[in-house]
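Side chains are part of it too, since the values below use all heavy atoms of this structure and drop only hydrogens, waters and symmetry mates. Letters A, B, ... are given to chains in the order of the sequence lines, protein chains preceding strands, and every chain is numbered from 1.
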Amino acid sequence: MTEISRDEIARVLDEIALLLEVRGENPFKTRAYRQGAEIVRDHDADIVALARDNELDGIKGIGKALQEKIHELVTTGKLEFHRKLRDDYPDGFFELFEIEGLGPKKVGALHRELGLDSIDALRKACDDGSVADLSGFGKKTASKLLEAIQRREHFAERYRLDESAAAAEAILDALAGHPATLLARSAGSLRRSRETIGDLDFIAATSQPKELTAFFAGAPFASEVIVHGDTKCSIRLDNGQQADLRAVSMEQFPFALQYFTGSKEHNVALRSRALRQGLSLNEYGFTASDGSAGTAIPEVEDERGIYKALGLDFIPPELRENRGEIEAADSGELPEPIHWENLRGTFHNHTTASDGHASLEEMATAARDLGLCYLGIADHSKASFQANGLDEERLAAQVEAIRGWNREHGDGLWLFAGTEVDILKDGSLDFSDDTLATLDYCVASIHSSFTLDEKEMTRRLVRAMENEHVTMIGHLTGRILLRRDAYAVNHEKLIDCAAETRTIIELNCNPKRFDMDWRWWRRARDKGVLCSINPDAHRPGQLQFLRLGASVAAKGWLRRRDVLNTRGLDEVKEYLDTPKARR
DNA sequence: GCCGTTTTCGGCCCGACTGTTTTCAGTCG
């Protein structure tokens with residue numbers, strides 16, 4: 001039996017929560033399953049192994065019942081409780097939840113009353129009027145459901161971080177330009193630097209909320225108005241992405257900003273903490289939780305003040321995922337924040353020699369203009385023929401050109417000669433050790449045979465890490481966000497191996513990738529693994545991805561000292577000159 | 001189903017908006 005994965009356990013728990021909800025079970029029970037799923041996804045240690053060995057005791061949020069169910073799932077590959085719940089529903093039933101406007105109650109009614117079991121069946125039922133006749137539904141609901149079905153076909157539900165950031169900046173500019181706006185900020189998952197973004201969230205301080213929501217609803221970037229009230233307005237942009245505005249007073253602004261930045265889990269934890277201090281916290285402010293006049297309500301001027309009132313250090317938005325940040329803020333142990341200005345150079349970049357769109361000189365100039373002190377060139381190796389990978393001869397010529405640049409311009413920007421060498425199917429490399437020894441450093445990446453199973457893929461990467469010339473592993477899982485899944489790797493083993501072999505793991509901050517995923521960096525850091533933040537730039541402008549990279553690194557709890565490219569040129573030269581085993 | 005610095009029982013975050021309703025349920029964030 002192939003072992004069940006962490007994601008699969010979480011998926012089953014989520015599905016149980018959904019099914020219990022449809023059946024109208026105790027909402028707190030469904031929440032317990034949903035939280036269980038989150039905990040399984042986020043847990044630091046190898047939770048599958050713990051479950052197999054019945055050692056789940058002491059994980060907060062996983063009580064006796066969930067422990068037993070997860071154990072059953074891992075050891076038998078099935079969960080009887082889940083099967084029984086699921087048996088009543090066909091596979092297509094679950095896709096109904098993907099339709100905007102349909103929650104557990106409505107899906108339950110559609111299935112119970114009309115026997116609907118797929119989006120296709122729902123479309124037909126909306127068309128023939130049977131949905132509109134259902135109690136609790138109506139003509140308007142039916143037509144909204146039809147629109148939502150169409151929209152789902154046309155647009156992805158999530159968007160890239162860089163594209164979302166650009167859209168948000170334009171909207172913020174428009175909001176800031178309105179005379180009724182006192183302050184405007186974006187919030188939500190964008191502010192938390194998640195790898196992909198759902199809706200865009202905006203908070204504006206104003207004394208004329210109605211004017212502002214009306215402006216938002218009528219703005220040129222609003223291709224459709226979804227909801228429009230006195231203080232809240234949701235619109236859809238041309239690309240299908242939803243944008244929400246909340247208009248609040250100046251006094252409410254920090255609370256609204258905090259609240260709508262989330263994450264939901266972070267906020268729930270923060271609210272429980274407030275309650276223990278006799279305070280109720282919502283998006284408008286603090287109140288006495290028992291309504292009494294005796295409780296002192298803290299004065300708050302900005303978001304920082306909210307955390308201060310709760311006895312916490314300020315928690316940067318990136319860390320607000322309820323993964324231990326509140327405890328760390330309580331004990332003064334939050335990581336020192338890493339900023340993009342701390343980055344002095346970067347290592348994984350391409351030129352026209354392989355599949356880049358700019359010459360060595362153009363890339364170097366862009367790096368210097370960005371204020372970097374050094375730039376590593378790592379073009380593809382020959383096995384990546386689709387990317388015009390370099391053979392030994394062309395590589396040697398490029399190395400010579402780089403040395404030449406340094407002789408001429410080395411006082412302004414230093415170039416490192418490297419390669420992004422292919423890790424072949426068996427874990428060997430596309431260049432010999434002798435060839436690699438002529439370079440300053442080496443990024444090793446997988447670009448082929450994506451379908452190997454987890455064991456083989458992990459072994460392949462381990463073998464690459466064991467090579468003394470491999471400085472760092474590029475895009476560890478090969479994922480292309482919103483398009484291609486990560487290949488199967490055992491992160492725990494690879495992190496351990498990177499620590500042992502002194503191999504750096506790249507944080508590929510090309511917004512298509514953000515790979516390795518931010519959820520693993522804290523563990524890597526604690527094992528002593530060094531990170532390099534690399535844009536995988538194929539054009540000069542893509543060096544700017546370093547800004548996003550620093551935010552994602554902060555999200556992964558990385559500190560400056562955990563990141564190679566926060567070091568100055570001399571330190572980096574010394575690092576690369578030191579044999580790997582002694583680094 | 002989970003949890004415990006008021007608790008091993010009795011709580012568990014909460015407000016805006018919409019549509020279908022005559023006072024509220026459902027969804028969303």
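- Proximity of A:Lys69 to the phosphate of B:dG1: a side-chain N or O atom is located under 4.0 Å from OP1 or OP2.
- Side-chain proximity of A:Ala32 to B:dC2, B:dC17, B:dG29: nearest is B:dC2.
- Side chain to side chain, A:Glu95 and A:Ser118 fail the donor-acceptor criterion of an N or O pair below 3.5 Å.
- As rounded to the nearest Å, B:dG1 and B:dT5 have C1' atoms that lie 23 Å from one another.
- When the P atom is used for both B:dT20 and B:dA16, the distance is 22 Å, rounded to whole Å.
- A distance of about 14 Å separates the C1' atoms of B:dC28 and B:dC13, rounded to the whole Å.
- You'll find that the side chain of A:Pro104 is closest to B:dT27, out of B:dC2, B:dT27, B:dC17.
- The side chain of A:Phe260 approaches B:dG29 more closely than any other nucleotide in the set B:dG29, B:dC13, B:dG26.
- Nearest-nucleotide assignment on DNA chain B puts the 5′-proximal partner with A:Gly138, out of A:Ile99 and A:Gly138.
- Using atom C1' as the reference point in both B:dT8 and B:dC3, the two lie 9 Å apart (nearest Å).
- Distances from the side chain of A:Val227 to the nucleotides B:dG15, B:dT18, B:dC13 place B:dT18 closest.
- The gap from the C1' atom of B:dG15 to that of B:dG10 amounts to 25 Å, rounded to the nearest Å.
- If you check B:dC12 for Watson-Crick or wobble pairing at under 3.5 angstrom, you find it paired to B:dG1.
- B:dG11 sits 12 Å from B:dT6 when the C1' atoms are compared, rounded to a whole Å.
- Scanning both residues, A:Val74 and A:Ala51, for their nearest heavy atoms gives CG2-CB, 3.7 Å.
- Across all strands, A:Asn26 comes closer than 4.0 Å to base atoms (heavy-atom distances).
- Looking at heavy-atom distances under 4.0 Å, A:Leu281 makes no contact with the nucleic acid at all.
- Set against B:dC13, B:dC3, B:dG29, the side chain of A:Lys60 has B:dC3 as its closest nucleotide.
- The gap from the P atom of B:dC12 to that of B:dC17 amounts to 25 Å, rounded to the nearest Å.
- The residue among A:Thr141 and A:Arg271 whose nearest nucleotide of DNA chain B is located toward the 5' end is A:Arg271.
- Taking the six-membered ring where tryptophan is involved, the planes of A:Tyr89 and A:Phe93 are essentially parallel, since the angle between them stays under 30° and well short of 60°.
- Distances from the side chain of A:Lys144 to the nucleotides B:dT27, B:dT18, B:dG29 place B:dT18 closest.
- Between A:His491 and A:Trp520, the two ring planes are parallel [angle under 30°; tilted spans 30° to 60°].
- Checking each of A:Arg513, A:Lys512, A:Arg519 against A:Glu195 for a salt bridge (charged side-chain N to carboxylate O under 4.0 Å, His left out) leaves exactly one that passes, namely A:Arg519.
- Between A:Ile70 and A:Ile9, the shortest heavy-atom distance links the atoms CG2-CG2, 4.0 Å.
- Within 4.0 Å of A:Thr231, counting heavy atoms only, lie sugar-phosphate atoms of the nucleic acid but no base atom.
- Here B:dC14 is the nucleotide among B:dG19, B:dC14, B:dG1 with the atom lying nearest to any side-chain atom of A:Tyr259.
- Residue A:Lys140 places none of its side-chain N or O atoms closer than 4.0 Å to OP1 or OP2 of B:dT20.
- In the set B:dC17, B:dC2, B:dC13, the nucleotide with an atom closest to the side chain of A:Lys264 is B:dC13.
- Backbone-only engagement by A:Glu283 is indicated by non-hydrogen atom pairs under 4.0 Å involving sugar-phosphate atoms exclusively.
- Comparing B:dC2 with B:dT7, their C1' atoms sit 14 Å apart, to the nearest whole Å.
- No engagement by A:Pro27 is indicated, since no non-hydrogen atom pair under 4.0 Å with the nucleic acid exists.
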